[in-house]
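Each remark here refers to the structure printed beneath this line.
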Amino acid sequence: MYKRQAPDRLLLGSAAGFRVSPDFPEMRGRTAGAAFADLDGDGDLDLILSRNPRPKPRADAPSVVLRNDGGRFAPATVLDTTRGGRSIGVVDYDGDGLLDVVLTEDRWTGGSSVLFHNDGGLAFSDRTAAAGLPSDIHALGVSTVDLSGDRRPDLFFSGSNRLFVGGQDGRFVEEAAPEFGWTAYGNEDDVAGVAAADLNDDGRVDLVLGQHYNSTLDAGRRVPIRVYLNEGPRAGRAVAFRDVTSASGIPDLPTKAPHVEIVDLNADGRLDILTTAASGSPGRPVTLINTAEVGQSPQFTAMQPVEPPGEPTYWVTGATFDSNHDGRLEIFLAEWFPQRPSLVLSQSGGSDHWLTVGADVGTEVAVYAAGHALDPAHLLGRREVVASTGFGAGAEPVVRLGLAAAPTVDVVITRRQGEPTTLHDVPGDSFLAADGACG
């Protein structure tokens with residue numbers, strides 16, 4: 001088995017497709033998650049790899065940070081050697097201008113997720129307890145965005161489904177969150193990835209959770225992903241959520257769906273959901289299109305009927321990206337079994353206007369109808385730049401927003417520090433840098 005183990009690979013994109021980087025260091029381990037982020041402040045993206053070590057030959061590589069020097073990566077820092085690492089969160093939790101790292105650990109190898117403070121120079125120290133986080137948080141996924149609306153990052157750990165609200169002092173306080181309780185049918189049924197975005201345009205960030213339920217494959221259970229709308233402060237809580245899974249039309253799924261991603265696939269201004277559940281034969285990912293009116297509670301319809309796949313299968317994680325910058329997204333699906341290929345699916349059909357904004361992690365990008373910047377009644381969309389999403393997946397440091405029929409928009413960019421920047425009459429169907437440069 002381990003003789004067939006493949007090394008980590010970096011795929012470089014171009015107009016002609018992807019090629020394997022010949023300069024990427026050869027590393028072999030049980031790599032479970034990855035995220036790109038500028039950790040040393042030099043303007044390029046470094047790489048964090050989360051590993052899930054096992055006491056077997058060539059499977060005990062540690063979780064590490066790789067420095068990016070002119071597009072070449074080299075190991076720089078060992079984060080952890082023993083934890084069963086899963087997803088990675090990147091967040092400036094204390095507002096010092098340096099991006100910190102959350103490494104989640106699964107419940108089978110210790111259940112002790114950790115917060116690493118960025119001390120500068122790609123050196124990190126464990127600040128879990130100092131930040132008010134307990135040592136018994138198990139998780140397969142983590143969200144680092146602002147859920148309470150105070151422009152400070154919060155942490156949601158999917159798996160244990162625990163919510164921690166960030167304060168001004170760089171410490172977190174746990175909120176009781178009984179609405180996130182799930183029924184398990186077997187001892188390997190777990191909540192998996194988490195994705196965050198405002199699904200109903202009310203200015204509050206909602207959550208979508210994936211599932212890693214063995215009972216779907218072993219016992220024929222059908223288990224949906226779940227959608228939770230952010231209700232804001234309630235009954236002494238800083239933030240509360242409401243389960244709208246059934247009300248929003250989410251179907252029961254015949255396979256695992258560990259990775260979930262919130263993305264406007266057709267740029268119509270309504271956020272859709274990509275899952276890595278497989279449906280039909282040959283299997284295709286269950287993709288849920290939001291058909292509600294803009295600003296209304298989401299209503300999802302599967303692009304194709306949800307049917308059991310020809311064989312028990314699913315994809316462990318995935319990603320969306322626009323490889324050729326034509327405004328239409330591709331979907332990457334990562335295969336777990338070595339005898340099956342990973343897939344890249346291209347999007348066909350038309351798309352409405354769109355805008356992609358590149359910015360640092362933690363930057364919030366809001367888009368308004370042209371001439372109506374900062375008017376909530378004319379808000380077209382709002383997202384926060386993240387370095388990771390779903391289950392173990394990295395994310396491009398961009399926000400992509402569907403503009404529907406709007407050819408131009410006003411854009412408000414709010415960085416982690418400093419005042420918001422407002423840009424007027426930005427053309428759609430373009431790429432925008434945080435400094436206002438448009439391409």
Side-chain angles (χ1 to χ4, degrees), residues 10-11 13 18 31-39 44-50 65-66 68 85-92 99-104 139-147 153-156 158 192-199 205-210 258-265 271-276 285 287 315-323 325 329-334 342 344 354-365 381-402 413 415-416 431-434:
L10 176 66
L11 303 183
F18 291 89
T31 306
F36 288 96
D38 183 6
L39 299 175
D44 55 25
L45 299 176
D46 308 299
L47 176 60
I48 312 154
L49 296 177
S50 167
V65 172
L66 280 70
N68 183 349
R86 290 292 184 173
S87 293
I88 297 163
V90 178
V91 59
D92 180 10
L99 292 172
D100 312 300
V101 175
V102 179
L103 177 66
T104 67
L140 293 180
V142 61
S143 168
T144 60
V145 305
D146 173 24
L147 298 172
D154 307 306
L155 299 176
F156 182 86
S158 53
V194 54
D198 183 359
L199 293 169
V205 177
D206 311 304
L207 295 176
V208 174
L209 306 186
H259 178 73
V260 287
E261 192 165 333
I262 301 173
V263 60
D264 187 351
L265 288 168
L271 291 171
D272 312 306
I273 300 174
L274 167 69
T275 85
T276 52
T287 304
W315 293 277
V316 65
T317 190
T320 58
F321 56 95
D322 182 2
S323 62
H325 293 183
L329 294 175
E330 286 77 52
I331 298 173
F332 172 72
L333 299 168
S342 296
V344 175
W354 50 273
L355 181 71
T356 298
V357 182
D360 296 330
V361 170
T363 299
E364 182 186 86
V365 179
R382 186 199 318 261
R383 297 294 297 264
E384 183 176 323
V385 179
V386 296
S388 61
T389 189
F391 179 47
E396 288 184 280
V398 303
V399 162
R400 183 183 187 272
L401 293 162
I413 300 173
R415 298 174 178 83
R416 298 195 307 270
F431 291 80
L432 180 70

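When reading the values below, keep in mind they use all heavy atoms of this one structure, side chains included, and skip hydrogens, waters and symmetry mates.
- Proximity of L329 to V263: side-chain heavy atoms (C-beta onward) are separated by under 4.5 Å at one or more points.
- In this structure, S87 contributes its side chain and F391 its backbone to no donor-acceptor pair below 3.5 Å.
- Proximity of a side-chain donor or acceptor of E330 to a complementary backbone N or O of S323 within less than 3.5 Å is detected.
- Separating the CG atom in D38 from the CG atom in L99 is a distance of 7.0 Å, to the nearest 0.5 Å.
- If you take CG on D154 and OG1 on T144, they are separated by 9.5 Å, rounding to the nearest 0.5 Å.
- Proximity of a side-chain donor or acceptor of D206 to a complementary backbone N or O of L199 within less than 3.5 Å is detected.
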>> Pair R416, D92 - check salt bridge (Lys or Arg N to Asp or Glu O under 4.0 Å), show working.
In response: CA-CA 8 Å; R416 298 195 307 270; D92 180 10; 3.6 Å; yes

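- Closest non-hydrogen pair, V194 versus G141, comes out as CG1-C, 4.0 Å.
- Counting heavy atoms from C-beta on, the side chains of I413 and V357 come closer than 4.5 Å.
- Looking at D46, its side chain does come within 3.5 Å of a backbone N or O of N68 through a donor-acceptor pair.
- Taking CG of L103 as the start and CD1 of I48 as the end, the distance is 9.5 Å to the nearest 0.5 Å.
- Using a 4.5 Å cut-off on side-chain heavy atoms (C-beta onward), L432 and T356 make no contact.
- Counting only distance, with no hydrogens or angles, the side chain of S158 and the backbone of L209 share no donor-acceptor pair below 3.5 Å.
- With contacts defined as side-chain heavy-atom distances shorter than 4.5 Å, the pair F321/V344 qualifies.
- For F431 and W354, the gap between ring centers is short of 6.0 Å.
- Residue T389 holds its OG1 atom at 12.5 Å from CD of E396, rounded to the nearest 0.5 Å.
- Put simply, the side chain of P153 does not reach to within 4.5 Å of the side chain of D146, judged on heavy atoms.
- Between R415 and D360, the closest side-chain pair of non-hydrogen atoms is not below 4.5 Å.
- Atom CG in D264 sits 8.0 Å away from atom CG in L401 (nearest 0.5 Å).
- Side-chain atoms of T287 and L265, non-hydrogen and from C-beta on, do get closer than 4.5 Å to each other.
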> Does the pair R382 and E364 meet the rule for a salt bridge (Lys or Arg N to Asp or Glu O under 4.0 Å), with working shown?
Replying inline: CA-CA 7 Å; R382 186 199 318 261; E364 182 186 86; 3.5 Å; yes

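- Of all heavy-atom pairs between P258 and W315, the closest is CG-O, 3.5 Å.
- Between P285 and L274, the shortest heavy-atom contact is CB-CD1, 4.1 Å.
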> So E261 and T275, side-chain contact (heavy atoms from CB on, under 4.5 Å) or not? Walk me through it.
Replying inline: CA-CA 7 Å; E261 192 165 333; T275 85; over 6 Å; no

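- Nearest heavy atoms, A393 versus T317: CB-OG1, 3.4 Å.
- Residue A35 comes nearest to S388 through the heavy atom pair CB-CB, 4.4 Å, listed as atom of the first residue, atom of the second, then distance.
- Note that the CD1 atom of I88 and the CG atom of L47 stand 7.5 Å from one another [nearest 0.5 Å].
- Between the side chain of S50 and the backbone N or O of R86, at least one donor-acceptor pair lies under 3.5 Å.
- Scanning for salt bridge (charged side-chain N to carboxylate O under 4.0 Å, His left out) contacts around R400 gives an empty result, with sequence neighbours left out.
- The backbone N or O of T276 sits nowhere less than 3.5 Å from a side-chain atom of H259 that would complete a donor-acceptor pair.
- Residues V145 and V386 have side chains in contact (heavy-atom distance under 4.5 Å, counting atoms from C-beta outward).
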